[in-house]
S.K.: 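What follows is a single structure, and I will ask about it in a moment.
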Amino acid sequence: MRPQTKRLGDVIPAPALVVPEPAVTFAITPEALARAGAAVLSGALVDVSADSGEIRLERSDADALGAEGYRLEITATGVTVRAAERAGLFWGVQTLVQLGAGDGVLPGGVIEDRPRFAYRGAMLDLARHFFTVDEIKAHLDLLIQFKINHLHLHLTDDQGWRLEIPGWPRLTEIGGGPGTGCDGEGPGFLTLADYADVVAYAAERFVTVVPEIDMPGHVNAALVAYPELTADGQPVAPRTDAEVGYSSLVAGKEETYAFVETVLKTLADATPGPYLHLGGDECLSTTAEDYRAFLARVLPLPGKYGKRAIGWHEIAAADLPEGTVVQYWRPEEQDAGVGAAVAAGRSVIMSPADRTYLDMKYDAGTRLGLDWAGLVPVRRAYDWDPAERLAGVTEESLLGVAAPLWSETLRSVADVQYLTFPRLPAVAEIGWTPRAGRDWESFRERVALFGPRWEAAGVSYFRAPEIDWPSA
Ligand code: NGO
């Protein structure tokens with residue numbers, strides 16, 4: 001049964017500590033909430049406290065809540081958010097936005113909150129279907145409500161190349177041109193100015209953009225644009241189907257490394273965040289020897305430009321420079337390579353496809369999405385733990401969790417939203433909430449509250465039969 005009145009703990013992700021004061025409420029206006037949000041965004045807060053109507057935002061490290069933690073106090077006379085860093089104030093305001101939804105009446109009490117993991121990611125595939133700067137920003141606005149702090153952009157693949165690279169204009173002229181994307185329905189690309197715009201917008205919201213250029217496989221769009229990168233120098237045909245594993249950069253060719261170096265230098269210069277994602281997945285047409293030889297030359301490049309490399313977990317077959325992060329994506333329960341990488345001190349982002357892939361169908365009737373990793377209803381996305389999934393991958397070795405959304409079957413923003421909600425909130429809670437604070441029955445009740453909010457905001461979502469959505 002859903003409770004009739006609002007509760008202080010009705011927040012996603014569930015806060016680390018909630019101490020309700022049931023006799024107390026405080027009503028805020030939407031304007032005060034908006035002012036608090038603007039105060040955090042504008043960076044107006046430095047070390048002094050800022051008063052935004054009835055909401056006080058204060059910088060203080062007295063509570064030792066870490067880089068993203070916050071303390072929220074709601075009394076009969078007002079609201080205070082305290083945090084050591086601006087990011088913590090921002091997440092505290094997101095909590096307030098959820099609590100104030102609807103009538104603006106906030107339940108009284110104290111919340112002390114901080115994330116379990118530093119990396120809480122969502123990935124959007126721009127290669128199989130392109131999304132514009134405005135679409136990416138609007139998507140980000142929905143993600144931050146759940147305290148997602150990394151936006152991974154999958155920028156290149158067999159069907160398209162979506163980021164301008166100076167000196168290599170045909171990558172985007174051809175690879176981002178008409179007829180690119182799955183079924184030829186997702187043309188477009190980001191100029192470097194567009195990319196900077198997205199990065200700045202995300203940074204204002206305490207979100208780090210993680211750009212991915214997939215290599216040495218998933219490169220047909222690059223080979224189409226520049227035949228000198230193919231093994232025999234002969235042109236290859238563009239592809240708009242959803243097959244994987246047929247294209248590869250050539251490990252034994254110097255042209256390959258000149259290309260890769262320019263691309264990664266461009267990416268490093270354009271990206272203030274610490275990570276460059278190099279892909280590395282499904283190199284089924286690269287020999288094991290070539291794969292290792294390629295990565296031996298390429299994995300050190302992010303470090304050369306002051307960044308850390310992230311790769312899909314197949315990269316564990318190569319020698320991983322210190323600081324390299326391995327992103328596990330397969331549904332299997334075992335992976336010897338990831339175990340060995342952890343034993344060597346590398347950290348892991350968990351994105352097992354059977355739990356976190358937002359492009360898996362919810363059920364057999366889901367119009368969109370794929371099902372190669374099985375169906376992923378909401379409970380399946382929620383009821384697992386990243387520290388109990390793979391042998392050798394412990395809490396200490398985890399950088400965090402991420403939910404990828406691949407776009408082979410997507411054609412619109414509504415499609416993106418439909419697969420994202422309500423599963424992204426489940427993965428976001430896994431990334432933020434302490435293990436002991438997570439419970440499916442509680443999540444079920446809390447996520448139901450978002451149905452009317454998403455409807456009011458025009459956000460498409462799946463009315464999963466597992467959830468008792470309030471009747472419209
Ligand atoms: C795999 C593959 C992608 C597909 C996706 C579809 C990884 C890391 N590589 O995940 O190319 O788009 O599945 O679910």
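As a basis for the values below, the full set of heavy atoms in this structure was taken, side chains included, without hydrogen atoms, waters or symmetry mates. Since the model is a prediction, treat every value here as computed from it, not as a measurement. We count ligands from 1, going down the list as the structure has it; atoms in each ligand are counted the same way.
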S.K.: Answer yes or no for Gln327: is there a heavy-atom contact with ligand 1 below 4.0 Å?
M.R.: no
S.K.: Look at atom 1 (C) of ligand 1 and say which protein heavy atom is nearest, naming residue and atom and giving the distance to 0.1 Å.
M.R.: Trp329 CZ3, 3.5 Å
S.K.: Which residue and non-hydrogen atom of the protein lie closest to atom 11 (O) of ligand 1, and at what distance in Å?
M.R.: Arg128 NH2, 2.9 Å
S.K.: May I ask you to check whether His129 and Phe131 place their ring centers less than 6.0 Å from one another?
M.R.: yes
S.K.: Which atoms of ligand 1 are found less than 4.0 Å from any heavy atom of Asp359?
M.R.: 6 (C), 14 (O)
S.K.: Checking Arg170 against Tyr226: charged group under 6.0 Å from the ring centre and within 45 degrees of the axis?
M.R.: yes
S.K.: With a cut-off of 4.0 Å, which atoms of ligand 1 are near a heavy atom of Glu408?
M.R.: 4 (C), 6 (C), 12 (O)
S.K.: Any N or O of Asp281 that comes nearer than 3.5 Å to an N or O of ligand 1?
M.R.: yes
S.K.: Answer yes if the side chains of Glu68 and Asn149 hold a donor-acceptor pair under 3.5 Å, and no otherwise.
M.R.: yes
S.K.: At a 4.0 Å threshold, what atoms of ligand 1 neighbour a non-hydrogen atom of Met360?
M.R.: 14 (O)
S.K.: Of all the non-hydrogen atoms in the protein, which one sits nearest to atom 2 (C) of ligand 1, and at what distance?
M.R.: Glu282 OE1, 3.0 Å
S.K.: Just list the side-chain donor-acceptor pairs under 3.5 Å for residues 336-351, sequence neighbours left out, or say none.
M.R.:
unit_1	atom_1	unit_2	atom_2	d
Arg346	NE	Leu320	O	2.9
Arg346	NE	Pro321	O	3.3
Arg346	NH1	Ala344	O	3.1
Arg346	NH2	Leu320	O	3.0
Ser351	OG	Gln327	NE2	2.9
Ser351	OG	Ala402	O	2.9

S.K.: Looking only at protein heavy atoms, which one is nearest to atom 10 (O) of ligand 1, and what is the separation?
M.R.: Tyr357 OH, 2.8 Å
S.K.: Name all residues meeting the ring-ring contact (aromatic ring centres under 6.0 Å, His included) criterion together with Tyr70; count only those two or more places apart in sequence or in a different chain, and write none if there are none.
M.R.: none
S.K.: Would you please indicate if the ring centroids of Trp312 and His152 are separated by under 6.0 Å?
M.R.: yes
S.K.: Could you tell me, atom by atom, which parts of ligand 1 come under 4.0 Å of a heavy atom of Leu370?
M.R.: 6 (C), 14 (O)
S.K.: Keeping Arg120 on the side-chain end and Phe117 on the backbone end, is there a donor-acceptor pair under 3.5 Å?
M.R.: yes
